[in-house]
Amino acid sequence: MTAGIDDISIYIPRLFISASDFAYARGLDIQKLENGLGISKMAMVDTNQDPACLAANACLKIMQKNNLSPKDIGRLYIATESSFDESKAMNSYVIGMLEQVYGNESFEHCGGIECKFACVSGSYALYDNSNWIRAGEAEGKYALVVVSDIAKYDLRSSGEVTQGAGAIAMLLNDQPRLLQFDPKVTSTSIKNEYDFYRPFGKETPIVHGQYSNLLYLIQVKKALSTYKKKVFANGLIKLKHDETILDYIDYLNMHLPYSNMGKKALAYLLRHEWRNLSRWTNIIKKIKMQEPTPQNVKGTIESVLADSDFMKNDHIFTKLFVNTREFQDVYESKLASSLIASKIIGNLYTASLYLGFRSSLEFEFQKGVDLADKRIGFGSYGSGSSAMIFSGVIQPEYKQIVKDMNLEMEIGKRKKLSLEEYEEIHENKRNVDENILDSKKEFILIDVKTKNENHGKRTYKFNE
Ligand code: COA
């Protein structure tokens with residue numbers, strides 16, 4: 001049996017901080033944000049929004065758009081790394097909110113859990129729910145998989161420039177109009193690591209940024225190597241002489257903690273995939289530099305990062321490589337459109353890969369490309385750490401979904417925060433009801449109890 005994404009919806013909070021204001025306040029060169037990292041705006045939550053609100057708003061949108069009632073939904077999963085309870089799952093809050101609109105106990109028949117593995121958990125949730133559908137357990141119902149996060153780093157930390165907030169809801173079924181997953185190719189890698197983690201009670205993560213960047217690349221490459229074995233074994237793709245698997249992936253979506261990370265990942269994967277092909281010989285000739293290798297053969301991430309000569313030369317080599325026409329052709333045709341939304345929204349942790357997918361659909365469609373039958377590759381990464389590679393094919397009915405996509409219209413009129421307002425919200429100096437924006441037809445948080453017997457209990461309301 002088949003399974004895939006039938007429709008996708010997005011909810012992005014309308015507050016944002018601009019990269020230029022931010023760079024000025026922190027004494028950073030704006031070029032580092034705009035060109036180095038690829039960030040121009042970062043979406044921020046208001047005082048009356050939390051990740052459950054964002055998720056519920058994305059769910060409501062997709063249900064209303066498709067005229068679904070709760071009885072059409074069999075599972076509601078939430079993947080997040082912005083959890084605010086160690087026991088009560090975020091989907092229970094979301095169901096509570098949706099029942100304010102659809103009626104008490106209207107989701108009673110539904111199942112689901114909150115999933116955690118940093119930014120990769122949404123991909124595991126998609127995979128597990130696809131298998132629920134493939135196993136014939138869905139009885140004609142949809143699975144609703146929501147990825148929702150508030151990417152929040154310490155003030156003045158190096159991660160502060162890679163923040164953002166938002167949720168994406170994906171409706172899965174056995175006859176998807178948008179994307180059908182390729183069967184039996186989903187591939188993972190996993191390793192106990194401390195590149196990024198958020199201990200109990202801490203609102204912001206402990207991050208080793210450069211370590212995390214490199215680990216992401218290595219883990220994704222490992223998962224890709226398993227993906228290739230599976231794809232060749234089941235005959236999904238057959239390579240001819242001097243070809244690579246990436247020649248058969250029409251569009252690539254990568255996990256995007258910031259938009260330029262997608263470009264970095266593409267460069268890394270292409271270097272490994274092209275190294276033994278004839279096109280690499282031409283590239284090396286053009287670049288006029290041999291590909292550097294680390295001095296220390298131990299090969300640990302620490303030893304690679306500590307090898308300053310290698311890091312410097314590898315950086316130079318990568319820059320030369322990404323400027324070649326060969327790289328630029330692949331970048332423009334397979335990846336560039338997926339990076340546009342991230343630039344104006346920022347980091348969405350679990351949702352950032354799917355924001356990229358959503359972005360690619362909208363902006364490729366706008367170019368007039370017929371997306372039917374195109375194969376989409378997904379490179380998912382979660383710190384801690386695990387990577388997942390999987391793929392799917394755009395379905396003939398995709399236009400029904402993609403034709404109305406309009407990111408700017410869907411976000412609505414945005415309001416720029418002053419640095420003072422941003423820091424007040426960031427440091428939780430404003431009460432829940434000291435919100436900046438008025439909201440309409442949205443779920444909002446109205447209270448979080450602080451007294452012993454009901455400490456942490458949250459109340460939400462649907463603002464008509
Ligand atoms: N003008 C133009 N580009 C500039 C610049 C300037 N003045 N200054 C720096 N840059 C470029 C750098 O060359 C680099 O680009 P490159 O990697 O293509 O060479 C980019 O901007 C980032 O600079 P860098 O010095 O690496 O920034 P940093 O030390 O502040 O760290 C992160 C960047 C992403 C590691 C950091 O923001 C972070 O820790 N983020 C959170 C964790 C994270 O996102 N991990 C990713 C894996 S999930």
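This chain uses plain numbering: 1 for the first residue, then up along the sequence.
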Salt bridge check: are Asp128 and Arg75 linked by an N-O gap of less than 4.0 Å? no

Side chain to side chain contact (heavy atoms under 4.5 Å, CB included) between Phe84 and Met90: does it pass, once the steps are laid out? CA-CA 8 Å; Phe84 44 71; Met90 198 179 288; 4.1 Å; yes

Where the side chain of Asn323 meets the backbone of Leu320, is there a donor-acceptor pair that is under 3.5 Å apart? no

Ion pair Glu332/Arg325, N-O distance below 4.0 Å: no

Step-by-step side chain to side chain donor-acceptor pair (under 3.5 Å) determination, Ser148 to Tyr349: CA-CA 8 Å; Ser148 180; Tyr349 284 165; over 6 Å; no

Hey, is Lys191 close enough to Glu193 for a salt bridge, meaning N to O under 4.0 Å? yes

Stepwise, does the side chain to side chain contact (heavy atoms under 4.5 Å, CB included) test hold for Met311 with Gln210? CA-CA 11 Å; Met311 291 302 289; Gln210 301 300 349; over 6 Å; no

How many angstroms lie between atom OH of Tyr142 and atom CG of Leu171, to the nearest 0.5 angstrom? 5.5 Å

Could you tell me which residues satisfy side-chain contact (heavy atoms from CB on, under 4.5 Å) with Asp404, sequence neighbours excluded, listed by chain and number? none

Between Arg26 and Glu160 (salt bridge meaning N to carboxylate O under 4.0 Å), is one present in this structure? yes

Roughly how far apart are Ile376 CD1 and Glu364 CD, rounded to 0.5 Å? 9.0 Å

Do other residues, nucleotides or ligands put more than 12 heavy atoms under 6.0 Å from the NZ atom of Lys184? no

Has Asp50 got a side-chain atom pairing as donor or acceptor with Cys53's backbone, closer than 3.5 angstrom? yes

Looking at the rings of Phe378 and Tyr127, which for Trp means the six-membered one, are their centres under 6.0 Å apart? no

Is the closest basic N to carboxylate O distance between Asp21 and Lys416 below 4.0 Å? yes

Does CD in Glu427 sit with more than 12 non-hydrogen atoms of other residues, nucleotides or ligands closer than 6.0 Å? yes

Under a 4.0 Å N-O cut-off, is there an ion pair linking Glu464 with Lys440? no

Counting heavy atoms not belonging to Gln175, are there more than 12 under 6.0 Å from its CD? no

Would you say CD of Gln31 has more than 12 non-hydrogen atoms from neighbouring residues, nucleotides or ligands within 6.0 angstrom? yes

Face-on cation placement of Lys221 at Tyr268 ring, 6.0 Å and 45° thresholds: no

Is Met261 close to Leu217 at the side-chain level, that is, under 4.5 Å between some pair of heavy atoms? yes

Going by the rule salt bridge (Lys or Arg N to Asp or Glu O under 4.0 Å), which residues pair with Lys230 if we only count those two or more places apart in sequence or in a different chain? none

For residues Phe443 and Tyr460, establish whether the separation of their ring centroids is below 6.0 Å. no

Does anything in residues 375-401 form a salt bridge (Lys or Arg N to Asp or Glu O under 4.0 Å)? List the pairs, not counting sequence neighbours. Asp182-Arg375

Is it true that, when you exclude Asp438 itself, more than 12 heavy atoms of the residues, nucleotides or ligands shown sit nearer than 6.0 Å to its CG? no

Determine, for Tyr331 and Lys263, whether the Lys NZ or Arg CZ falls below 6.0 Å from the six-membered ring centre while staying within 45 degrees of the axis. yes

